[in-house]
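As a basis for the values below, the full set of heavy atoms in this structure was taken, side chains included, without hydrogen atoms, waters or symmetry mates.
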Amino acid sequence: MGIMYKSTRSDSAQVTASQAILKGLADDGGLYVPSSFPKLPVGIEELAGLGYKEIAYIIMKEFLSDFTEDELKKCIDSAYDDKFDTKEIAPLRKADGAYFLELFHGATIAFKDMALSILPHLLTTAARKNHVDKKIIILTATSGDTGKAALAGFADVEGTGIIVFYPKHGVSLIQERQMVTQKGGNTYVVGIEGNFDDAQTGVKNMFNDKELAALMNANGYQFSSANSINIGRLVPQIVYYVYSYAKLIHDGAIKAGEPVNFVVPTGNFGNILAAYYAKNMGLPVGKLICASNENKVLFDFFKSGTYDRNREFILTSSPSMDILISSNLERLIYHIAGNDCEKTAELMEKLISEGSYRITDDMRKNLAIFEGGYATEDETAETIRRIYEQDGYVIDTHTAVAADVYNKYRESGDKTMAVIASTASPYKFTRSVMMAIDKSCGSPDDFELIDRLSGISKVKIPQAIEDIRSAKILHDRVCGKSEMKSVVMDILGIQI
C-alpha cells in the first residue's frame with residue numbers, strides 16, 4: 001500500500017491522498033500528514049539532467065500514490081505549461097553570494113502559482129476518483145498571494161466554486177487589484193475588516209462547523225481548501241527544492257551529496273515545511289533558515305520554544321508574511337513530537353484558549369535543522385537597495401526579508417551553499433521596492449512606478465500586471481470578521 005494520510009490531532013481512520021485533498025481539513029480540525037516519509041526513489045545525481053515536470057512526477061507520485069501515472073502526468077502537464085513565462089518554471093539566479101530560486105514566473109507572479117496551478121487538476125481528478133457528486137466550494141483565506149493564484153486556478157472549473165476572504169486593508173494595491181478584477185462565473189472575493197489571522201480563523205471555523213457541513217451537504221455542496229492546510233498544496237511545493245538542488249549539480253555549483261541551506265521568507269509555514277519534507281525524503285539539506293518580518297512570532301518560537309501570538313499585529317511591506325498564527329507549524333509540531341497526535345492536539349488547544357504554548361525540551365532538540373531570523377522594515381528596504389546597486393538585481397520585499405536574514409546568518413561562518421526562495425515578483429510590491437531603491441520616487445500612481453521599475457530592472461513588465469491596468473472591478477463586497485459565515489451562505493443561496 002502507498003502513502004496514506006492521518007490527522008495531526010487524533011488516531012482517526014487514515015485516508016488516501018485523493019481523499020485528503022478533497023477534504024482539505026480533517027474532521028477533528030487537524031491537518032493531514034503522511035503516514036510515513038517516502039525516500040527519493042532515484043539517486044539525486046540522476047535528477048540533475050531532468051526538467052521540472054519530470055522531477056515533479058518523480059516526487060509527487062511518492063506522496064500521491066493513489067493517482068495513476070496517467071492521471072498524475074496529465075495534472076502536471078496541464079499545470080506547468082505556457083502559463084509560466086520561463087522554460088525552467090523555477091529559474092535559479094546567482095546574486096549576493098547565494099542563489100535565488102525564482103518562484104514567481106507563473107500567471108499571478110508569486111510562488112503560490114507553483115502549487116495552485118496544479119491543485120485544481122488534482123482536486124477535480126480526486127473528485128472523479130471518489131465519485132463526488134456535490135459541487136466543491138473552495139473556501140480560502142489569503143494574506144495576499146494565495147487568493148489570486150487560487151482564483152486563477154479555479155475560475156470556471158466545472159463542478160467547483162471559490163470564495164476568497166482577504167484583509168481589506170492588509171494587502172498591496174497590486175495584490176488587491178489582481179483579486180477584485182478576477183473573471184469567472186464561479187469566483188467570489190470578499191474583503192474583511194480585520195487581518196489575515198481573522199480571515200484564516202473564520203475559514204477554519206467554517207470547516208469545523210458540523211451543522212454547516214450538514215447544511216452544505218443537504219444543498220449539494222461540500223467545502224475544500226486551497227490554503228496550504230491542504231496537502232494538495234504542500235506536496236507540489238516539495239518539488240522545487242529538489243529541482244533547485246538538482247539544478248545546482250547540473251550547473252556544477254555543487255557535487256551530489258553536498259548539503260545546501262534553504263532560506264525561506266515565512267508566514268503560514270507551508271513553504272518552509274515543504275523543504276523540511278524534502279529533507280525527510282533524503283535531500284541533502286544543511287539548515288532551513290526561517291526568515292520573518294517584524295511579525296516575528298516564528299523567530300521567537302525557534303529561539304525560545306514558546307509560540308505566542310499574544311502580541312501586536314504589524315502591517316509591513318511584506319504583507320504575505322503578516323501572520324501571527326502559522327497554520328502549517330502544526331504539522332511540524334506533530335513530527336517533532338514523535339507523531340504524537342495527543343500532544344499536538346493539546347498544544348493546539350492551548351493556542352486557541354491561551355494564545356500560546358511551549359514545546360518540550362525533547363521536541364526542541366528535533367528542531368536542530370532550523371534557524372530563525374528576522375528583518376525590520378528598514379533592513380528590508382536597505383537589502384533591496386544594496387542588492388540592486390551591487391548586482392543590478394531587483395527583488396521584492398519578502399525575498400529581501402530572506403536575503404537580509406541570510407546575510408546575518410552567514411556571519412556565523414557557515415559557508416554552505418544557500419538557496420533563497422524568491423517568492424514574489426518585485427512588480428507585485430512596486431511602491432515598496434521603488435521607495436527602497438529611490439526614496440524620491442514617490443509618485444501617487446502605482447502603475448507609473450511599475451513603468452519606472454521596468455526601466456531600472458531591465459525586466460519586462462509581467463502580463464499579470466498589464467492585464468489589471470484597466471481591468472474592471474468585479475468584486476467589491478466587504479464584511480466584518482463575524483459575518484463571514486453569513487456571507488458564504490448568501491453567496492451559495494442557502495437559508496440558515
Side-chain angles (χ1 to χ4, degrees), residues 90-105 109-112 143-145 170-175 244 261-268 271-272 275 288-299 314-323 371-411 418-439 441-442 446 449-450 452-454 456-459 462 465:
L92 278 171
R93 172 75 179 266
K94 191 172 185 179
D96 198 35
Y99 283 88
F100 288 76
L101 178 61
E102 294 185 343
L103 300 171
F104 52 78
H105 288 279
I109 58 175
F111 84 100
K112 306 297 175 72
S143 56
D145 288 336
V171 300
S172 77
L173 180 143
I174 298 298
Q175 285 177 311
S244 64
N261 293 338
F262 288 99
V263 191
V264 188
T266 309
N268 215 25
N271 201 3
I272 196 166
L288 296 175
I289 302 168
C290 178
S292 300
N293 62 18
E294 290 182 351
N295 293 293
K296 57 186 183 70
V297 62
L298 288 166
F299 168 78
I314 302 169
L315 292 175
T316 74
S317 61
S318 47
S320 296
M321 299 162 65
D322 291 346
I323 296 173
E371 294 285 341
Y374 75 97
T376 66
E377 285 290 88
D378 287 345
E379 289 170 333
T380 301
E382 170 58 22
T383 298
I384 292 171
R385 184 197 62 77
R386 178 180 62 79
I387 293 178
Y388 168 67
E389 292 182 351
Q390 169 186 292
D391 297 313
Y393 186 50
V394 181
I395 57 176
D396 90 295
T397 48
H398 303 74
T399 307
V401 168
D404 176 76
V405 167
Y406 175 62
N407 202 41
K408 295 170 185 171
Y409 169 77
R410 63 183 166 189
E411 293 176 1
V419 172
I420 296 172
S422 185
T423 53
S425 165
Y427 284 103
K428 205 149 192 173
F429 305 94
T430 309
R431 180 167 295 278
S432 295
V433 170
M434 288 300 295
M435 289 296 289
I437 292 172
D438 180 5
K439 288 185 172 62
C441 71
D446 281 69
L449 290 178
I450 285 168
R452 292 192 195 179
L453 177 58
S454 178
I456 68 165
S457 67
K458 307 296 191 292
V459 174
I465 298 296

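Distance check, rounded to the nearest 0.5 Å: CG of Asp446 to CG of Leu453 gives 11.5 Å. How far CD1 of Ile420 is from CZ of Arg93: 13.0 Å, rounded to the nearest 0.5 Å. Here the CD1-CZ distance, from Ile395 to Arg386, works out to 8.0 Å after rounding to the nearest 0.5 Å. Atom CD1 of residue Ile289 and atom CD1 of residue Ile272 lie 8.5 Å apart, to the nearest 0.5 angstrom. Atoms OG and CD, from Ser432 and Glu377 in turn, are 7.5 Å apart once rounded to the nearest 0.5 Å. Once rounded to the nearest 0.5 Å, the distance linking CG of Asp96 with OH of Tyr393 reads 11.0 Å.
With a 4.5 Å cut-off on side-chain heavy atoms, Phe429 and Ser318 do not count as touching. Residues Leu288 and Val264 are not in side-chain contact: their nearest non-hydrogen atoms beyond the backbone lie 4.5 Å or more apart. Annotation: side chain of Pro426 is not in contact with side chain of Ser457 (no heavy-atom distance under 4.5 Å). Residues Ser317 and Met435 fail the side-chain proximity criterion, which asks for heavy atoms closer than 4.5 Å. Contact check for Thr397 versus Val401: no side-chain heavy atoms found under the 4.5 Å cut-off. Looking at Thr266 and Asn271, their side chains never come closer than 4.5 Å, going by heavy atoms from C-beta outward. Side-chain contact between Ile387 and Phe100 is present, with at least one heavy-atom pair separated by less than 4.5 Å. Asn295 is not listed as a side-chain neighbour of Ile323, based on a closest heavy-atom distance of 4.5 Å or more.
Among all heavy-atom pairs drawn from Gln175 and Pro319, the shortest one is OE1-CG, 3.5 Å. Of all the heavy atoms in Ser292 and Leu298, the pair that sits closest is OG-CB, 3.8 Å. In plain terms, the two heavy atoms of Arg385 and Ala436 that are nearest each other are CB-O, 3.5 Å. Taking both residues in full, the closest heavy atoms of Ala375 and Val405 are given as N-CG2, 4.1 Å, listed atom of the first, atom of the second, then distance. The minimum heavy-atom distance linking Phe262 with Ser244 is given by the pair CE2-OG, 3.4 Å. When every heavy atom of Ala421 is checked against every heavy atom of Leu103, the shortest pair comes out as CB-CD1, 4.2 Å.
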Query raised in the report: Checking side-chain contact (heavy atoms from CB on, under 4.5 Å) for the pair Asp145/Lys428: CA distance, chi angles, key distance, verdict?
Result: CA-CA 9 Å; Asp145 288 336; Lys428 205 149 192 173; 3.1 Å; yes
Report task. Please test Val394 against Val459 for side-chain contact (heavy atoms from CB on, under 4.5 Å), starting from the C-alpha separation and ending with a verdict. Result -> CA-CA 9 Å; Val394 181; Val459 174; over 6 Å; no
Query - CA sep, side-chain torsions, deciding dist, call: Arg452, Asp438, salt bridge (Lys or Arg N to Asp or Glu O under 4.0 Å) - result: CA-CA 11 Å; Arg452 292 192 195 179; Asp438 180 5; 5.9 Å; no
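For the pair His398 (side chain) and Ser320 (backbone), a donor-acceptor distance under 3.5 Å is present. With hydrogens and angles ignored, the 3.5 Å screen pairs no side-chain donor or acceptor of Asp404 with any backbone N or O of Thr383. With Asp322 contributing its side chain and Thr316 its backbone, the two residues share a donor-acceptor pair below 3.5 Å.
Donor-acceptor pairing under 3.5 Å is recorded for the side chains of Thr399 and Ser422.
In this structure, Lys408 is positioned above the aromatic face of Tyr374, its NZ or CZ under 6.0 Å from the six-membered ring centre and within 45° of the axis.
Residues that satisfy the ring pair (Phe, Tyr, Trp, His ring centres under 6.0 Å) test with Tyr409, not counting sequence neighbours, are absent from this structure.
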